[in-house]
K.L.:
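Have a look at this one.
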Amino acid sequence: MFTSPLHEPRTAVVLGRWLGAALLTCFLTGLYSHLLQDPPTWLAGHLPSRPVNGYRITQGLHVISGIAAIPLVGAKLWTVFPRLFEWPPARSVLHALERLSIALLVAAVLLELFTGLFNTLQWYPWPFPFRQTHFWLGWLATGGLLVHVAVKAPLIVRYWRGRRPGLAQRRAFLTSVTAAVGVVTLTTAGQSVPWLRGLDLLVPRRPGVGEPGRPVNRPAGETGTVTVPADWRLTVDGPRPFRLSLAELERLPQHEVELPIACVEGWSASARWTGVRIADLLARAGAPAGSGMRVTSLEADGPYRVTELPAAYAEDPLALLALRVNGEVLAADHGFPARIIAPNRPGVLQTKWVARLEVI
Ligand SMILES: Nc1nc2c(c(=O)[nH]1)N[C@H]1C(S)=C(S)[C@@H](COP(=O)(O)O)O[C@H]1N2
Ligand SMILES: [Mo]
């Protein structure tokens, strides 16, 4: 039934190289994102708050390489498809193990890519938690990939270089695959690459659209529970605790910074933020040098209600408790009355509707 001459090792090796590069990029950038969001104690003190656009680039790459991997995985599976129906299913214990590892690899990679893709749509049609699943599947897929490369190493070496003349059909097939990767990449990359924004045909949201000029993740209404009390005061806990009303915050020295929100879902959008330096609030609370800060939101619950700013971020002059964006008071959805904005960190940590800051 499989009559195409392209079900052969050279095509599989060429596609495998591209797919391997995409998956490795995905794994490393994903691991980095995970460490930023949940830094182990030994790392928290060493995470740098610069470059300002660092996370925008690594997470942009994460989503770009993940989306590019989808057509690549399709082409790779099509190429090796006949092998999946080999008979007898196992010739030896080793052969059975190898086929099992392929089953694990294919399942983990497919589930990983689709949970990731659906996450960029904020669509979770499954009963398990996204983050933990995506994280552990990443390890499974990468482990499976390493085993696969090790088992196939002799074949990979033999077919690494093409023979001349090459197969015309192969060239046509690989060109089609490249075109497919090009299309899905160019029509989605504009989420994080500003100069590709004009081509954003397949993105779930357009950074730059929304009030005011930026998308909203988790609007105040959706979180259901964010109500700002009329007598809202910022509480700052530390050696010299204090509380400030919005009017009092506005009378403190205001600073303006241009910083992006870079969401884990792959979109990022820059804005001009105005507010009080976190470092100034730390100093006022009598925090010793090297202190970090714990931030608590007015939100009743939710995974991002409490976040932490390690010292490098808390002391960065660009890190603000922002009261305004692009010159206007924060909209309810964007975190009124005050939100965190700091350089080089995931959007999930740019806490909205801040109630309390605590020196740690
Ligand atoms: N308290 C709180 N802050 C939050 C969130 C949240 O769910 N709760 N979502 C975060 C996420 S995932 C992102 S990407 C940014 C988005 O900010 P924006 O809605 O102003 O664009 O806010 C962050 N701040
Ligand atoms: Mo986000």
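Read the numbers this way: they start at 1 and go in the same order the structure lists the ligands and their atoms. Being a predicted model, the structure only gives us computed values, none of them experimental.
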K.L.:
Between W78 and F173, is the ring centroid distance below 6.0 Å?
P.N.:
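Yes: the rings meet the under 6.0 Å criterion.
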K.L.:
Of all the atoms in ligand 1, which lie at a distance below 4.0 Å from a heavy atom belonging to W353?
P.N.:
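This gives 1 (N), 2 (C), 8 (N) as the contact atoms.
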K.L.:
Name each donor-acceptor pair under 3.5 Å that joins a side chain in residues 229-251 to protein atoms two or more places apart or in another chain, with its distance.
P.N.:
{"unit_1": "W232", "atom_1": "NE1", "unit_2": "V354", "atom_2": "O", "d": "3.2"}
{"unit_1": "R233", "atom_1": "NH1", "unit_2": "D231", "atom_2": "O", "d": "3.4"}
{"unit_1": "T235", "atom_1": "OG1", "unit_2": "R243", "atom_2": "NE", "d": "3.3"}
{"unit_1": "D237", "atom_1": "OD2", "unit_2": "R356", "atom_2": "NE", "d": "2.8"}
{"unit_1": "D237", "atom_1": "OD2", "unit_2": "R356", "atom_2": "NH2", "d": "2.8"}
{"unit_1": "R240", "atom_1": "NH2", "unit_2": "A283", "atom_2": "O", "d": "3.4"}
{"unit_1": "S245", "atom_1": "OG", "unit_2": "E248", "atom_2": "N", "d": "3.2"}
{"unit_1": "S245", "atom_1": "OG", "unit_2": "E248", "atom_2": "OE1", "d": "3.3"}
{"unit_1": "E248", "atom_1": "OE1", "unit_2": "S245", "atom_2": "N", "d": "2.7"}

K.L.:
Quick one about T79 and H7 (side-chain donor to acceptor, distance below 3.5 Å, no hydrogens or angles considered), yes or no?
P.N.:
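Note: H7 and T79 side chains miss the donor-acceptor criterion.
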K.L.:
With heavy atoms of S297 as the reference, note each atom of ligand 1 found under 4.0 Å away.
P.N.:
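Taking each heavy atom of S297 in turn, ligand 1 has 1 (N) under 4.0 Å.
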K.L.:
Any idea which atoms of ligand 1 are less than 4.0 Å away from a heavy-atom of G347?
P.N.:
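Listed by number with element, the hits are 10 (C), 11 (C), 13 (C), 14 (S), 15 (C), 22 (O), 23 (C).
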K.L.:
Short list, please: which atoms of ligand 1 are under 4.0 Å from a heavy atom of V348?
P.N.:
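Numbered from 1, ligand 1 contributes 10 (C), 11 (C), 12 (S).
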K.L.:
Taking only heavy atoms of T351 into account, list the atoms of ligand 1 that are under 4.0 Å away from them.
P.N.:
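Heavy-atom distances to T351 below 4.0 Å select 1 (N), 3 (N), 24 (N).
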K.L.:
Would you say ligand 1 has an N or O under 3.5 Å from any N or O of R305?
P.N.:
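There is no such contact.
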K.L.:
Check each atom of ligand 1 against the heavy atoms of W267 and keep those under 4.0 Å away; list them by number with element.
P.N.:
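Checking each atom against W267, I get 14 (S), 21 (O).
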K.L.:
If you group Ile, Leu, Val, Met, Phe, Trp and Tyr whenever their side-chain heavy atoms sit less than 4.5 Å apart, what else falls in with L61?
P.N.:
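Besides L61, the hydrophobic cluster comprises nothing; the residue is isolated.
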K.L.:
Can you confirm whether the side chains of N119 and Y124 place a donor and an acceptor under 3.5 Å from each other?
P.N.:
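Yes, a side-chain donor-acceptor pair sits under 3.5 Å.
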K.L.:
What I want to check is whether the side chains of R170 and T11 have a donor and an acceptor closer together than 3.5 Å.
P.N.:
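T11 and R170 do have a side-chain donor-acceptor pair below 3.5 Å.
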K.L.:
Considering only heavy atoms, which of E299, K352, H334 lies nearest to atom 8 (N) of ligand 1?
P.N.:
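That would be E299.
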K.L.:
Would you mind telling me if ligand 1 is within reach of the side chain of R339, the backbone, both or neither, using heavy atoms under 4.0 Å?
P.N.:
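The side chain, only.
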K.L.:
Counting only heavy atoms closer than 4.0 Å, does ligand 1 sit against the backbone of Q350, its side chain, both, or neither?
P.N.:
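The backbone, only.
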K.L.:
Just how far is it from atom CD1 of I341 to atom CG of L321, taken to the nearest 0.5 Å?
P.N.:
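Taking CD1 in I341 and CG in L321, the distance rounds to 11.0 Å.
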